[in-house]
Amino acid sequence: MTVSPRRNRPRRDETTQLDSERVRQGVPTVQQWRDGDWQVRGISGGASVKTYRCPGCDQEIRPGVAHLVAWPADDRGDLTDRRHWHSGCWRARDRRGPIVQRGRSAPRYG
């Protein structure tokens with residue numbers, strides 16, 4: 001008598017297909033902040049292929065680094081309103097003051 005090995009995992013429906021675009025880009029969620037509602041989508045390191053500048057710390061987000069992209073949820077904006085953030089910078093944005101851009105010769109304090 002031949003016994004086949006026990007199958008521990010349930011069979012997946014062979015017709016179920018993952019939406020590759022949704023898997024690659026993530027699922028947007030709406031987050032509420034003091035400055036309004038924001039659509040936020042996580043970007044995996046594998047899907048990150050360009051260099052962006054984080055508005056929270058003014059540093060580059062290099063290709064291959066997981067991060068977030070956020071845009072106003074009120075449908076008033078367009079693609080130019082999307083901003084790419086380091087995840088930690090996005091979470092800390094209510095606790096930080098505005099970034100002040102100074103020239104190299106400007107006084108550091110005051």
Inset, instruction - Look up atom NE2 in His84 and atom CZ in Arg41, then write down how far apart they are to the nearest 0.5 Å. - result: 10.0 Å

Inset, instruction - Report the distance from atom CZ of Arg91 to atom CG of Leu68, rounding to the nearest 0.5 Å. - result: 7.5 Å

Legend entry - Which atom of Arg93 lies closest to which atom of Trp90, heavy atoms considered: CG-O, 3.1 Å

Legend entry - His67 versus Ser48, closest heavy-atom pair with distance: CE1-OG, 3.4 Å

Inset, instruction - Could you list the residues that satisfy side chain to side chain donor-acceptor pair (under 3.5 Å) with Trp38, not counting sequence neighbours? - result: Asp35

Legend entry - Hydrophobic cluster identity match, Trp85 and Val40, side-chain contacts under 4.5 Å: yes

Inset, instruction - Say whether Ile43 and Trp71 are linked into one hydrophobic cluster, either directly or through other cluster members, by side-chain heavy-atom distances under 4.5 angstrom. - result: yes

Inset, instruction - State whether the side chain of Arg34 and the backbone N or O of Asp94 hold a donor-acceptor pair below 3.5 Å, judged by distance alone. - result: yes

Inset, instruction - May I ask you to decide if Asp58's main-chain N or O and Arg53's side chain share a donor-acceptor pair within less than 3.5 Å? - result: yes

Inset, instruction - Could you list the residues that satisfy side chain to side chain contact (heavy atoms under 4.5 Å, CB included) with Gln59, not counting sequence neighbours? - result: Cys57, His86

